[in-house]
Amino acid sequence: MKLATWNVNSLAVRLPQLLDWLAAHPDTNAIVLQETKLTDDKFPHAELTAAGWQVQWFGQKTYNGVALLSKTPATDVVKNIVGYADEQARVIAGTVDGVRVIGAYIPNGQALDSDKFVYKMAWLDGLRAWLRDELSKHDKLVLMGDFNIAPEDRDCYDPAAFVGQTHTSPQERAHFQALLDLGLTDAYRMFEQAPKSYSWWDYRMLGFQKNKGLRIDHILVSNGLKPDVKSCVIDRAWRKLPKPSDHAPVYVTIG
DNA sequence: ATGTCGCGTGTGACGCGA
């Protein structure tokens, strides 16, 4: 099976690219999307249904918004973190083909001294508490999405330049490690990968052309799923097409 | 070093978030 995640940075803009990606990866069982930036009434479910997808979506005005697309219907669908009251639409989960699929858009955090960073830390506490419970119920589980955390220095094009900023701070990395400590594995690091592999590049300053990026989009697999993971790919090509998202899709093949 | 996007407001330049 193939499971994927993609921060599309507005599904209204990126629907054609998404449909192209789905057509190019017909073996995909499920994909989670972040930053759809659409209220639920504006979600393009008809187009996606016509393309053969079962769709669950959860959005809001202007920011955030997530979706779960699958070939077979997702069951036990949950929107946002159970036990953590959140006004923002950042999580969607469902069980697809026997795998608990959790798609997450973890807060950006903006700056270490900002209210948004306080929110990011509290949000991650909430996510971890809920995940512990989900892992106790589901042997095969995947948590994937835009984490807005570069777990190690090799996941950042210039670690020194990021000291004192978000995405690489010890606090954020401690949260990432705490998720792994629940019994999850970073699928990308299960395999040998090219150096300077990133999943996001700033639109500004020729970030992609200069490969000034971060690896912040992740797929974490449970111990029950891990032995079956065959590969993990950052689909970099989709970042260089016309009107790209600032994030590349990431996917795992399993089985 | 913040030079690009996308959205909402409200019809067009600007503020916000990433």
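The sequence lines fix the lettering, A, B, ..., with proteins before strands; numbering per chain opens at 1.
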Task: Donor + acceptor pair across side chains of A:W201, A:N211 (<3.5 Å) - done: yes

- [ ] State whether A:S10 places a side-chain N or O below 4.0 Å from either non-bridging phosphate oxygen (OP1 or OP2) of B:dC7.
- [x] yes

TODO: Round to the nearest Å and state the distance from A:K120 atom NZ to B:dG17 atom C1'.
DONE: 14 Å

Open item on the list: Does B:dG6 have OP1 or OP2 under 4.0 Å away from a side-chain N or O of A:R14?
Closed with: yes

TODO: Answer yes or no on whether A:R215 is positioned over the face of A:Y198, meaning its NZ or CZ is under 6.0 Å from the six-membered ring centre and within 45° of the axis.
DONE: no

Task: Side chain of A:Y203 - closest among B:dT4, B:dC7, B:dG8 - done: B:dT4

TODO: State, yes or no, whether a side-chain contact exists between A:I106 and A:L124 at a heavy-atom distance under 4.5 Å.
DONE: yes

Open item on the list: Suppose the criterion is side-chain hydrogen bond (donor to acceptor under 3.5 Å, both in side chains): which pairs have a residue in residues 44-60 of chain A, not counting sequence neighbours?
Closed with: A:Q60-A:N64

Task: Whole angstrom value for the distance that separates P of B:dA18 from CG of A:L214 - done: 15 Å

TODO: Send over the distance from A:W200 CH2 to B:dG17 C1', rounded to a whole Å.
DONE: 12 Å

Task: Pairwise P distance for B:dG12 and B:dG17, with rounding to whole Å - done: 25 Å

Task: Rounded distance in Å between the P positions of B:dT11 and B:dG6 - done: 23 Å

- [ ] For A:K116 and B:dC16, give me the distance from atom NZ to atom P, rounded to whole Å.
- [x] 10 Å

- [ ] Could you say whether A:D202 or A:D146 is positioned toward the 5' end of DNA chain B, judged by the nucleotide with the nearest heavy atom to each?
- [x] A:D202

Open item on the list: Can you identify which nucleotide, out of B:dC7, B:dG8, B:dA18, has its nearest atom closest to the A:R204 side chain?
Closed with: B:dA18

- [ ] Could you tell me the separation between the CG atom of A:N108 and the C1' atom of B:dG17, rounded to a whole number of Å?
- [x] 8 Å

Open item on the list: With a 4.0 Å limit, can you tell me whether A:K243 has a side-chain N or O closer than that to the phosphate oxygens OP1/OP2 of B:dG6?
Closed with: yes

TODO: Could you check A:K210 against A:N148 and say which one's nearest nucleotide on DNA chain B is further toward the 5' end?
DONE: A:K210

Open item on the list: Just the rounded figure in Å: distance from P of B:dC7 to NZ of A:K61.
Closed with: 13 Å

- [ ] Please state how far atom OH in A:Y198 lies from atom C1' in B:dA18, giving the value in whole angstrom units.
- [x] 19 Å

Task: Nearest-Å distance for atom pair CD/C1', residues A:Q34 and B:dC5 - done: 18 Å

Task: Validation row, ring centre A:Y251 to ring centre A:H25 under 6.0 Å - done: yes

Task: Rounded P spacing from B:dG15 to B:dG10 in Å - done: 14 Å

TODO: Pick base, sugar-phosphate or nothing for A:Y105, based on heavy-atom distances below 4.0 Å to the nucleic acid.
DONE: sugar-phosphate

